[in-house]
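Start at 1 and go down the list; that is how both ligands and their atoms are numbered.
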Amino acid sequence: MSKLGKQDQQELILRIAVPTPLRRLFDYLPPPGIGQAPTPGTRVRIPFGRQKLTGIVLQCRSTTNVPPGKLRRAEALLDNEPILGPVLLRLLEWAANYYQHPLGEVFSAALPQRLRQGHPAGQSVEYWHAAVELGSACDTLARAPKQKALFELIFERKRLSRAQLRESGFSSDLLRQLESRGLVYRQDASEPASAFDPLAIRPCGQLELNAGQERAVVDINAQRDNFRCFLLDGITGSGKTEVYLQAMAVQLALGRQCLVLVPEIGLTPQTVSRFQERFDCRVSMLHSGLSDSERFSAWDSARTGAAAIILGTRSAIFTPMFKPGLIVVDEEHDSSFKQQDGFRYSARDLAVMRAREEDIPVILGSATPSLESLNNARRGRFTHLRLDTRSGSSRPAPMRVLDIANQGLEDGLSETAALAIQKHLELGAQVLVFINRRGYAPVLHCVNCGWVAECDRCIAQFTLHSNPPRLRCHHCGKVSGIPSSCPHCADSKLMTLGAGTQKIEASLSKRFPGFPVLRIDRDSTRSRKRLDSMLMQIQAGKPCLLLGTQMLAKGHHFPDIGLVLVIDADSGLFSADFRAQEQLAQTIVQVAGRAGRAQRAGEVIIQSRHAGHPLLQNLIQLPYRELAATLLGEREAAAMPPFSHLTLLRAEATSMQAGIDFLRQLQRQLPSPPRGTECLGPIPAPMEKRAGRYRSQLLLKASRRSDLQRALQHLLDVSEALKPPSGLRWSVDVDPLDLT
Ligand code: ADP
Ligand code: ZN
Ligand code: ZN
């Protein structure tokens, strides 16, 4: 804290980040009785309009543009010490700027709810401090020797707690007298952090590294004290986790904390126990399933240093750390690291930014790295570490594409695929059937007149679900009953088209009686218990069929899988989304990686009506890294990311025209585009209507990021003066992943 002289007191102005959609800081006078400038990162309670809000002090200065009569006074400081340190403050300010999101809301997103609501952070203790110099106190207290002695003690020790007062033998009456004379003042302070003890952590069960792992660990640890970003690019089963663990061991031994980010559904009990078992230390978990108080306690344990390892999903990137040493982002290509609404940040990108600010190493790991990260490695920004062999004796499973163009399918399954399933089950292996479509069937229609069941709030078909039997919209969540006859031509019977997980589950159970079918999708795993019990059944190793969506492709270890069958690869082949091929390749490689993990020879079959498609052919012939190089070449030729930068402006309104008009109005505010900057649109979004609102978009594309940032900054500055029509919402998505 910096002390200000008395004459400056009325001039102290706090600049505060306030949780509102307004894109600026707000000036306030300090709370009554506060003459010292609070350290940035301290929370403060302020009146805001008619509300009381919790803001964060970012700066203290002596001038303001607010006219004196309008300047309001903050009500109270909520912390004696900042709850966010300088690195996080800088990171959040940077992120607000970069993602063009209001700073106050960015801060809110970073704090646990309890702190947003103004509750105290941590345990606090009262301390008394000297308010005046020793000389002047001695003059005042010339005739009160006991008070003088106590004052001298406080002055000497800088501060005194009640417990210390008791030990010193002075009475609390004396202290009260000093306080009422204004010679000492009271202040609460957090308990000193009790950081974890590095000597107590002895890694157990460390594996002997193979040559590739050894090189990776040596390279990472050579940079253990400063910023460097490593791309750990290793096929499934190559032992990336062992590399993380051994790099972490070095940091933990130095008393430094490690932050590990995993995808949303990757935070399984198995993941946690892997870290817990290796290091007998406090592992704090941060994910969306926590209660407020659990979240706060995990957050606080990271801040005080009590937690040695912080394991969390996307938003854990904002966790303060007492002494950070290493950040790991596992499955860095996963789309759940990008927040899809509100403050649309990428936790992977912020992890790199944060590591830079903290000056510590960061590891991005994946078997299927994003094209962005591969390009950064190619350009030398990231150190590229490759792991190309599976640990132990297991081999990657060979893949083949099964041409189903002219085959009859029974519930999505070809005869050839069914025979392969039969063979593997009889050999005692497990079979994984992958289909990225939950529900019973994606279409319910009338054969007579062509009517299709559609959600009236979206431009989208209803998905038929079997248990309970309902129509569900996967876009807005609307649920509707199943009509018994066609609502259009009245008497005709309705039929389903296509197959989702539920229909295939029924079909597999019928065809392979005697083998359990375990369905793993968002519907069947709403209860954590149910998922865990299914995972346990799989670990037991008996032959069975696992059937599921994307959820199956992530983070799990299924050592007994002999066959992986991809029911349908075709939807990603012809999508208009420029990332569709990358995502399809990643998904298939990840799912395929579940096969042949232990001793068992594996096999991967991909059903397709377009078996000759170059992507599929490359997928089965080339390692992912070479396939990715091909895709990167295509991106470069098309000048798409990572060879250009995108920002998507979205509008949602009660009519399509209103949205388009508003985006056009925004577009007119853009300065004449510098070379290499393009503005595409406004056009209706690929998904034109969702949850009753019409959606449109304007895409900005630039070859230089700084041009785009400047244009956006300008746009948002002038946009405050634009009045969007009522009912219109709009948003900015920098580096969008989802263009629908
Ligand atoms: P990845 O995360 O790259 O898919 P994992 O880290 O999960 O791979 O490792 C796959 C399996 O190989 C695990 O069972 C792990 O215990 C084992 N493993 C990893 N490294 C070694 C090693 N050096 N020696 C023996 N087994 C290893
Ligand atoms: Zn009909
Ligand atoms: Zn809908």
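- Checked by distance only, ligand 1 and Thr236 stay at 3.5 Å or farther apart across all their nitrogen or oxygen atoms.
- In terms of polar-atom proximity, defined here as any N/O pair under 3.5 Å, Gly237 does make such a contact with ligand 1.
- Among the atoms of Cys458, an N, O or S atom falls under 2.8 Å from the Zn ion (ligand 3).
- Counting non-hydrogen atoms of neighbouring residues, nucleotides and ligands closer than 6.0 angstrom, the CZ atom of Phe230 exceeds 12 such neighbours.
- Taking the Zn ion (ligand 3) as the apex, the angle formed with SG of Cys473 and SG of Cys455 is 110°, to the nearest 10 degrees.
- Under a 4.0 Å criterion applied to the non-hydrogen atoms of Ile235, ligand 1 contributes the atoms 3 (O).
- At a heavy-atom distance under 4.0 Å, no atom of Glu331 approaches ligand 1.
- Looking at Glu208, Arg594, Glu242, it is Glu208 that brings a heavy atom closest to atom 22 (C) of ligand 1.
- Listed for the Arg472 side chain is no donor-acceptor partner under 3.5 Å among the backbone atoms of Lys478.
- Other residues, nucleotides and ligands contribute only 12 or fewer heavy atoms inside 6.0 Å of the CE atom of Met495.
- Remark: the backbone N or O of Val217 is not paired with any side-chain donor or acceptor of Gln246 at under 3.5 angstrom.
- In terms of polar-atom proximity, defined here as any N/O pair under 3.5 Å, Gly239 does make such a contact with ligand 1.
- With a cut-off of 2.8 Å, the Zn ion (ligand 3) has an N, O or S atom of Cys476 in range.
- Salt bridge status for Arg650 with Asp738: absent, with no side-chain N to carboxylate O gap under 4.0 Å.
- Within 6.0 Å of the CG atom in Asp280, the count of heavy atoms belonging to other residues, nucleotides or ligands does not exceed 12.
- Under 4.0 angstrom from ligand 1, the non-hydrogen atoms of Thr241 come from both its backbone and its side chain.
- When the shell of 6.0 Å around CZ of Arg625 is examined, it contains more than 12 heavy atoms from other residues, nucleotides or ligands.
- Here Leu387 has no heavy atoms under 4.0 Å from ligand 1, in either its backbone or its side chain.
- None of Val243, Leu231, Leu364, Leu232 except one satisfies the side-chain contact (heavy atoms from CB on, under 4.5 Å) rule with Leu385; the exception is Leu232.
- Distance check for His488 against the Zn ion (ligand 2): none of its N/O/S atoms falls below 2.8 Å.
- Using a 4.0 Å cut-off to heavy atoms of Ser238, the atoms of ligand 1 that qualify are 3 (O), 8 (O).
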Legend entry - Residue pair Glu332, Ser370: steps toward the side-chain hydrogen bond (donor to acceptor under 3.5 Å, both in side chains) verdict: CA-CA 7 Å; Glu332 66 88 31; Ser370 63; 3.2 Å; yes
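- Using a non-hydrogen distance threshold of 4.0 Å, Gly234 does not register as a contact of ligand 1.
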